[in-house]
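One structure is given below, encoded as structure tokens.
Chain letters run A, B, ... following the sequence lines, proteins first and then strands; every chain starts at 1. Any value given below was found using the heavy atoms of this structure, including those in side chains, with hydrogens, waters and symmetry copies removed.
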Number of protein chains: 2
Amino acid sequence: MTTNKSRSRGRPRRFDPDAAVVTAQQLFHARGYDAVSVADVTDALGINPPSFYAAFGSKAGLYQRVLDHWTGTAAIPLGDILRPDVPVAVALAAMLEEAARRYASGPAAGGCLVLEGTRCSDEDAREAARALNLGAESFIRDYIAARHPDAANEVTDFVATTMSGLSAKARSGHDLPRLLATARLAGSALEKTLSA
Amino acid sequence: MTTNKSRSRGRPRRFDPDAAVVTAQQLFHARGYDAVSVADVTDALGINPPSFYAAFGSKAGLYQRVLDHWTGTAAIPLGDILRPDVPVAVALAAMLEEAARRYASGPAAGGCLVLEGTRCSDEDAREAARALNLGAESFIRDYIAARHPDAANEVTDFVATTMSGLSAKARSGHDLPRLLATARLAGSALEKTLSA
DNA sequence: GATTTTATGTAGTGCTCACTACATTAATAA
DNA sequence: TTATTAATGTAGTGAGCACTACATAAAATC
């Protein structure tokens with residue numbers, strides 16, 4: 001007998017939506033929201049469109065599920081990296097390096113799923129990604145403001161801009177060493193600015 | 001009698017392709033290559049699709065014409081900014097500030113036409129933009145290498161990444177003061193790195 | 001003014017997209 | 001086993017896309 005792992009409730013399903021989210025996350029991350037069609041997803045999952053729409057409602061609905069899953073598994077753990085017991089500049093530099101590592105074009109060549117999502121053409125998906133990104137930036141801003149209130153806004157903009165650039169360059173072919181060197185150079189600017 | 005300004009040769013035309021390129025440049029810059037349809041262009045010009053295709057061959061063909069016009073009119077004048085008689089870090093900082101000014105969301109809210117073009121879904125248009133961008137990066141790299149050969153690669157990557165980030169943030173709503181502050185912070189990192 | 005050339009307007013091509021109506025099959029409940 | 005419920009497969013919908021065939025109108029040439 002084939003066991004059906006992870007049924008969300010008593011209601012049985014023929015395919016596993018959670019596994020579908022993982023597959024979809026890989027597709028979206030590798031090729032971007034716009035470039036992945038619903039047909040691509042249904043083909044990858046071996047299902048037909050009605051099953052897809054019964055489970056997710058729409059392409060943007062699937063993307064929302066992917067973002068939810070991503071925050072729990074693949075997002076940079078800001079709470080761990082932005083520690084109160086290290087200098088702010090050191091913590092931010094570590095964050096940029098971690099971003100470089102995660103954006104580097106490995107097997108799935110992708111940049112940041114969220115930052116790239118904020119640039120897609122579908123309004124619902126774009127706003128969902130933007131909301132997530134704004135939340136992360138607020139977290140960073142609050143962290144900086146606790147010890148450097150006057151510099152919080154511009155330093156947040158700087159690291160956010162650097163991360164957007166790193167994601168774009170990862171997508172356009174920069175490999176890990178190049179991204180890391182860029183992240184470190186950006187990090188060195190922080191130590192100078194925040195040493196007041 | 002209505003005078004037909006700027007006919008490219010003895011052959012008369014009912015509409016002016018040069019003016020069409022200017023209009024198309026505004027559309028592409030404001031909304032991005034993918035988001036502008038051929039119908040948008042023909043509507044804006046008051047012409048019909050056959051006239052469009054007789055003049056430009058394809059949507060990517062029009063984009064190539066737009067890029068050509070852009071290099072002659074709207075591109076950052078790297079040759080003027082990257083002067084041999086000022087410190088490299090100062091010149092690069094000036095370039096980043098000029099980028100911030102040009103990317104700032106004015107009436108056409110747009111970032112960099114070329115950097116944004118490198119991210120579009122049409123292969124021909126994307127490669128045309130990438131070629132232009134790679135040329136600019138080579139120019140910057142050569143400028144740096146003349147006086148700081150060991151740092152040329154990583155400093156070029158850093159300024160290119162910063163410019164990509166500035167363009168992305170311009171598109172997502174950062175106004176001129178925010179972009180300028182970010183550019184200046186990035187510029188300060190260069191003075192430190194290149195002061196050896 | 002007649003003829004040839006060139007540009008235009010009308011109308012449509014085939015394609016891909018996100019999304020769906022409906023009949024059918026499979027799993028559950030009685 | 002039978003009745004009910006739920007998920008699936010087949011096959012399509014309409015909309016938007018880049019692009020074009022073809023007949024017509026306007027210039028240019030003679």
Integer-rounded Å distance: [N] [atom2] and [X] [atom1]:
{"X": "A/Asp124", "N": "C/dA18", "atom1": "CG", "atom2": "C1'", "result": "13 Å"}
{"X": "A/Ile47", "N": "D/dA6", "atom1": "CD1", "atom2": "P", "result": "19 Å"}
{"X": "A/Asp122", "N": "D/dG16", "atom1": "CG", "atom2": "P", "result": "15 Å"}
{"X": "B/Asp34", "N": "C/dC17", "atom1": "CG", "atom2": "P", "result": "13 Å"}
{"X": "B/Leu62", "N": "D/dA18", "atom1": "CG", "atom2": "C1'", "result": "13 Å"}
{"X": "A/Phe15", "N": "C/dA26", "atom1": "CZ", "atom2": "P", "result": "18 Å"}
{"X": "A/Asp43", "N": "C/dC17", "atom1": "CG", "atom2": "P", "result": "10 Å"}
{"X": "B/Phe56", "N": "C/dA7", "atom1": "CZ", "atom2": "C1'", "result": "14 Å"}

Q: Any chance you could measure B/Ser172, atom OG, to A/Leu134, atom CG, to the nearest 0.5 Å?
A: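 It is 8.0 Å, given to the nearest 0.5 Å.
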Q) How long is the span from the CG atom in B/Leu185 to the CG atom in B/Leu96, to the nearest 0.5 Å? A)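 Here the rounded value is 11.0 Å.
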Q: Take the angle between the ring planes of B/Phe158 and A/Phe158 and call it parallel below 30°, perpendicular above 60°, tilted in between.
A: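 Rings of B/Phe158 and A/Phe158: tilted, as their planes differ by 30° to 60°.
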Q) Does the side chain of B/Asp34 come under 3.5 Å of the side chain of B/Ser121 through a donor N or O and an acceptor N or O? A) yes
Q. Any side-chain donor paired with an acceptor under 3.5 Å for B/Ser37 and B/Asp40?
A.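 Yes - a donor-acceptor pair under 3.5 Å links their side chains.
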Q: Can you spot which of B/Ile81, B/Ile76, B/Asp80 makes a side chain to side chain contact (heavy atoms under 4.5 Å, CB included) with B/Leu78?
A: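 Among the candidates, only B/Ile76 passes.
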Please tabulate the protein-to-nucleotide N/O contacts below 3.5 Å involving nucleotides 19-24 of chain C, giving atom names and distances.
residue	atom	partner	partner atom	Å
C/dC19	OP2	A/Tyr53	OH	3.3
C/dC19	OP2	A/Lys59	N	2.9

Q. Under the side chain to side chain donor-acceptor pair (under 3.5 Å) rule, what pairs show up with a residue in residues 46-67 of chain B, not counting sequence neighbours?
A. B/Gln64-B/Asp68
Q | End-to-end axis angle, where each axis spans five pairs of the helix from C/dG1-D/dC30 to C/dA30-D/dT1, to 10° | A |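 Between the axes fitted at each end of the helix from C/dG1-D/dC30 to C/dA30-D/dT1 lies an angle of 0°.
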Q) Should B/Ser51 be listed as having a side-chain N or O under 4.0 Å from OP1 or OP2 of C/dA7? A) no
**Q.** Sidechain N-carboxylate O distance under 4.0 Å for B/Glu137, A/Lys169
**A.**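 Looking at B/Glu137 and A/Lys169, the cut-off is met.
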Q. Do any N or O atoms from the side chain of B/Arg171 and from the backbone of B/Gly110 form a donor-acceptor pair under 3.5 angstrom?
A.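 Yes; at least one donor-acceptor contact below 3.5 Å.
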Q) With a non-hydrogen cut-off below 4.0 angstrom, is B/Val36 in contact with a base, only sugar-phosphate, or nothing? A)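 The answer is sugar-phosphate, as B/Val36 gets under 4.0 Å only of primed atoms, P, OP1 or OP2.
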